There are 2 protein chains.
Amino acid sequence: MYKKNLVFVTVDMVLFTIQNKELHVLLIRRALNPFRGLWALPGGFLRPEEELETAAKRELYEETGVKNAFLAQLYTKGDIGRDPRGRVITVIYYSLMDSAKVELRASTDAAEVSWFSVKNLPKLAFDHERIIRDSAERIRNKIEYTNIAFQLLPQKFTLSELQSVYETILDRTLDKRNFRKKVNEINALKKLTETKMQGIHRPARLYAFLMNKKESVFSPRKKISG
Amino acid sequence: MYKKNLVFVTVDMVLFTIQNKELHVLLIRRALNPFRGLWALPGGFLRPEEELETAAKRELYEETGVKNAFLAQLYTKGDIGRDPRGRVITVIYYSLMDSAKVELRASTDAAEVSWFSVKNLPKLAFDHERIIRDSAERIRNKIEYTNIAFQLLPQKFTLSELQSVYETILDRTLDKRNFRKKVNEINALKKLTETKMQGIHRPARLYAFLMNKKESVFSPRKKISG
DNA sequence: CCAAAAGTGTTAGTGATACACCCATGT
DNA sequence: ACATGGGTGTATCACTAACACTTTTGG
């Protein structure tokens, strides 16, 4: 490996969650060179006999213990010089997850595993900071016209919890009445009979996502047309 | 090359133009195996010392004679079995061009070069038909909220020509008055003093794109918010 | 009865859509 | 004068955005 005149392929995973009303990303502390000791995205070399997505899931599981993520491809980056080992093309995937469902564990490649707020990232290996920012931007765009938010929530959730997810990712407050009106029109949620006690206040109704149409539920308005 | 246990990287180009009010894509007839004699997207192996985009531009130029395209990355595909030579990961770029600006020429790798309507594609090598369809879908989405249409037109164009580009890509007719109203609100065009004689009728005013903000000029309406 | 989050409608403004006629030119 | 594409405005409808009070619970 690492010969001159060869091109290598890696996969990297950007896994997001929400903690304390802030968008967090999962990082590992590298146990090996290059960039030993720095934080980085989970990822590694593609094996010739495995699919790209499988490789991304495998690296994520091996390095962090996280399973069953929904993956989406972000983009592929291969700038000369981005990896000191040689010419490395990396295919980047991102995913969202309810961190309550996740049990982290370290591994041989990853000395440490942890969530970091995207507003307070440590010094990162490679071009991973840029990749995280691009990835966050992508989900900010995508959350407005798809259902990806459900990945960040438990199966049953309240409308306030859902709104909070949107507010966190969009980084602004939303109007409660307008939000609920919109959610209603979309017919993407099932109203459950159960409620959730949130401490000492009025119990909130629980909802669940209808999984039939996972994309394009927030119908975009057309721009130039007529 | 083509050893087992290695992963190779190629780049492919999907270049679109409009001819006879139909979206066309540039294809080459393969002079070499695999799939010799079949039509395919221009593309080839990434050299270890060149950037991905440079490689895409080089292959495009070598195989078709086309220069100076604006490239955007579509996605990366690397399914096992998609290339009979071995494990090949391909990074796909797309671009739009005014075919009047293009002078096609064949090469050693490409026995023949030609534009094909996306509604009437020949039998294609690899998974290129799927790639072309995904790429067409991408520009259909993108044309509504960005300025990519200018790439398909000469520097000076009439509003009817611009509207025709939108109608072709969206595959539906647009209302002339609403279209012109929208275009006006956007402030992306410079009205020139010149006109264009279109045969024997009233001459049409010529316009040019203002190149300052190439993206996001067709401001999207927000979906879930408030 | 108090604190705190849950829940609920209306109005005004802005963008989208639908629609029909006159204008300038070459023959 | 006519055939052809160029060019223009208005009215309705749909979505967005702004805004405040009542309900339910535990302490």
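Proteins get letters first, then strands, A, B, ... in listed order; numbering begins at 1 in each. The model shown is predicted, which means the values in this text are computed figures rather than measured ones.
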ask   = According to the interplanar angle, ranging from 0 to 90°, do the rings of Phe150(A) and Phe70(A) count as parallel (below 30°), tilted (30 to 60°) or perpendicular (above 60°)?
value = perpendicular

note = Here the distance between atom P of dG7(C) and atom CD of Gln163(A), to the nearest Å, is 11 Å

ask   = Can you check the His201(B) NE2 to dG26(C) C1' distance for me, whole Å?
value = 9 Å

inquiry  = Does the plane of the ring in Phe116(A) sit parallel, tilted or perpendicular to the ring in Trp39(A)? Use 30° and 60° as the thresholds.
reply    = perpendicular

note = Leu159(B) atom CG is separated from dG5(D) atom C1', nearest whole Å, by 13 Å

request  = Please confirm whether Lys191(A) makes a cation-pi placement over Tyr207(A), using NZ or CZ under 6.0 Å from the six-membered ring centre and within 45° of the ring normal.
outcome  = no

Any donor-acceptor pair under 3.5 Å from Asp175(A) side chain to Asn178(A) backbone = yes

task = Measure from CG on Asn184(B) to P on dG15(C) and round the result to the nearest Å.
result = 14 Å

message = Quick check on Lys101(A): does its NZ atom have over 12 non-hydrogen neighbours (other residues, nucleotides or ligands) under 6.0 Å away?
response = yes

Protein-nucleic acid N or O pairs under 3.5 Å, nucleotides 8-12 of chain C:
residue, atom, partner, partner atom, Å
dT10(C), O4, Lys181(A), NZ, 3.0

request  = Starting from P on dT23(D), measure out to CZ on Arg205(A) and report it in whole angstrom.
outcome  = 17 Å

query = Below 4.5 Å, heavy atoms only, C-beta onward: do Pro42(B) and Asp12(B) meet side chain to side chain?
reply = no

remark   = Residue pair Ile200(A)/Thr158(A) against DNA chain C: nearer the 5' end by closest nucleotide is Ile200(A)

query = For the pair made of CZ in Phe179(A) and P in dA18(D), what is the distance, rounded to whole Å?
reply = 16 Å

message = I need the CG-P distance between Leu162(A) and dA6(C), as an integer number of Å.
response = 12 Å

query = Are Ser160(A) and dA5(C) close enough that a side-chain N or O sits under 4.0 Å from OP1 or OP2?
reply = no

inquiry  = Ser107(B) vs Glu62(B), test: side-chain hydrogen bond (donor to acceptor under 3.5 Å, both in side chains). Steps then yes/no.
reply    = CA-CA 7 Å; Ser107(B) 72; Glu62(B) 285 180 4; over 6 Å; no

ask   = Is it the case that Arg105(B) places NZ or CZ above or below the six-membered ring of Tyr61(B), under 6.0 angstrom from the centre and within 45 degrees of the axis?
value = yes

key: Gap between atoms CD and P, on Glu167(B) and dG5(D) respectively (whole Å)   = 14 Å

Min side-chain heavy-atom separation Leu104(B)-Leu26(B) under 4.5 Å = yes

ask   = How large an angle, rounded to 10°, do the end axes of the helix from dC1(C)-dG27(D) to dT27(C)-dA1(D) enclose when each is built from five base pairs?
value = 10°

